[in-house]
K.L.:
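So that we are looking at the same thing, I have put the structure below in structure tokens.
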Amino acid sequence: MADHHSKKSDPLITLPDLEKLEEEIKSQFYELRKGKIWFSEEIKREHRRLKTSLFRYVLQSRFFVILTAPFIYACIIPFALLDLFVSAYQAVCFPVYGIPKARRGDYMAIDRNKLRYLNALEGLNCMYCSYANGLLAYVVEIAGRTEQHWCPIKHARRVQHVHDRYLHFLPYGDASAYRERIDKVRCDFRDLKARK
């Protein structure tokens, strides 16, 4: 019987393709200089021309969009608490278990505030979404590394989205593989150490 969980999922964009894509974007819209984003004067003018004023943006918003905004922004409190607790958990526990720490900065990309065609509210919305999605990716990575250490067993049923560590897990129901390989699998983070 084939183990449908052992099939490695293909990334949407492979690393060389991603690097090529980044180069194409850089050459067309922006440039990175010493880690800072730079736009040509022509692009800056185009950005300013296409910017919607904050007043017009709010005025054109649908009523229910405005009504739901407090619910969206209230999530910043649990997000910030999650960020604090997961970072503390990792800092305290990972050294004890010998699990390499996830670098928070690898998951946070808050750079859309540099786009001059966004008004203040659009910029805030983009910053919020970048933080929330980056944080959740960071949390998934920490949880995946934790799961690899404590319970590296694949699920019996197919899971829609699995974290990167899942590929290292043992087959569901294979007790002998679990007993034979658990100590090796729970400590096998060589691929992470090679990325550094």
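The figures here come from the full heavy-atom set of this structure, side chains too, leaving out hydrogens, waters and symmetry mates.
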K.L.:
With side chains defined as the heavy atoms from C-beta onward, is the minimum distance between I43 and S40 less than 4.5 Å?
P.N.:
yes
K.L.:
Centre-to-centre under 6.0 Å for F169 and H163, is that the case here?
P.N.:
yes
K.L.:
Are I72 and L136 joined in one hydrophobic group, where the rule is that I, L, V, M, F, W and Y side chains link up if heavy atoms are under 4.5 Å apart?
P.N.:
yes
K.L.:
Please check this pair: side chain of Q148 against backbone of Y166, looking for a donor-acceptor N/O pair closer than 3.5 Å.
P.N.:
no
K.L.:
Just wondering, do K154 and L170 contact through their side chains at under 4.5 Å, heavy atoms?
P.N.:
no
K.L.:
Whether R165 and D191 form a salt bridge (side-chain N of Lys/Arg under 4.0 Å from carboxylate O of Asp/Glu) is what I want to check.
P.N.:
yes
K.L.:
Under 6.0 Å between ring centres, would you say that holds for Y128 and Y73?
P.N.:
yes
K.L.:
I'd like to check the ring pair (Phe, Tyr, Trp, His ring centres under 6.0 Å) partners of H168; sequence neighbours left out, ordered by chain and number.
P.N.:
none
K.L.:
Do other residues, nucleotides or ligands put more than 12 heavy atoms under 6.0 Å from R48 CZ?
P.N.:
yes
K.L.:
Are any side-chain N or O atoms of Q90 and backbone N or O atoms of A102, one a donor and one an acceptor, separated by less than 3.5 Å?
P.N.:
yes
K.L.:
Can a salt bridge be assigned to the pair D188 and R186 using a cut-off of 4.0 Å between side-chain N and carboxylate O?
P.N.:
no
K.L.:
Given the rule in the salt bridge (charged side-chain N to carboxylate O under 4.0 Å, His left out) test, do R45 and E42 qualify, once you have shown the distances and angles that lead to the verdict?
P.N.:
CA-CA 5 Å; R45 279 191 299 276; E42 179 184 351; 5.6 Å; no
K.L.:
Using a 4.5 Å cut-off on heavy atoms from C-beta on, say whether the side chain of N113 contacts that of C126.
P.N.:
no
K.L.:
Taking C-beta and beyond as the side chain, do R145 and P100 meet within less than 4.5 Å on heavy atoms?
P.N.:
yes
K.L.:
In this structure, are over 12 heavy atoms from other groups packed under 6.0 Å from I77 atom CD1?
P.N.:
no
K.L.:
Do K44 and R116 make a side-chain contact, defined as non-hydrogen atoms from C-beta onward lying under 4.5 Å apart?
P.N.:
yes
K.L.:
According to a 4.5 Å side-chain heavy-atom criterion applied to Ile, Leu, Val, Met, Phe, Trp and Tyr, with indirect links allowed, do V92 and L84 form part of one hydrophobic cluster?
P.N.:
no
K.L.:
Identify the heavy atoms of L118 and G123 that sit nearest to each other, and give their distance.
P.N.:
CB-N, 4.0 Å
K.L.:
Could you check whether Y172 and H155 have their ring centres less than 6.0 Å apart?
P.N.:
no
K.L.:
Taking all non-hydrogen atoms of both residues, which atom of R112 and which atom of S130 are closest, and how far apart?
P.N.:
NH1-OG, 3.2 Å
K.L.:
Measuring only between side-chain heavy atoms, which start at C-beta, is Y131 closer than 4.5 Å to D83?
P.N.:
yes
K.L.:
Which atom pair, heavy atoms only, marks the closest approach of P78 to A74?
P.N.:
CD-O, 3.3 Å
K.L.:
Any idea which heavy atoms bring P171 and I153 closest together, and the distance?
P.N.:
O-CG2, 4.1 Å
K.L.:
Can you find a side-chain donor-acceptor pair between R104 and S87 that sits under 3.5 Å?
P.N.:
no
K.L.:
Evaluate the criterion side-chain contact (heavy atoms from CB on, under 4.5 Å) for residue pair F55 and N119; output intermediate values, then yes/no.
P.N.:
CA-CA 10 Å; F55 179 74; N119 62 44; over 6 Å; no
K.L.:
What residues, two or more places apart in sequence or in another chain, satisfy ring pair (Phe, Tyr, Trp, His ring centres under 6.0 Å) together with F79?
P.N.:
none
K.L.:
Around atom CZ of F85, are there more than 12 heavy atoms of other residues, nucleotides or ligands at under 6.0 Å?
P.N.:
no
K.L.:
Tell me which one of T146, L81, L135, V139 satisfies side chain to side chain contact (heavy atoms under 4.5 Å, CB included) with V86.
P.N.:
V139
K.L.:
For a 4.5 angstrom cut-off between non-hydrogen side-chain atoms, does Y117 reach T52?
P.N.:
no
K.L.:
Do the charged groups of K114 and D111 touch, with an N to O distance under 4.0 Å?
P.N.:
no
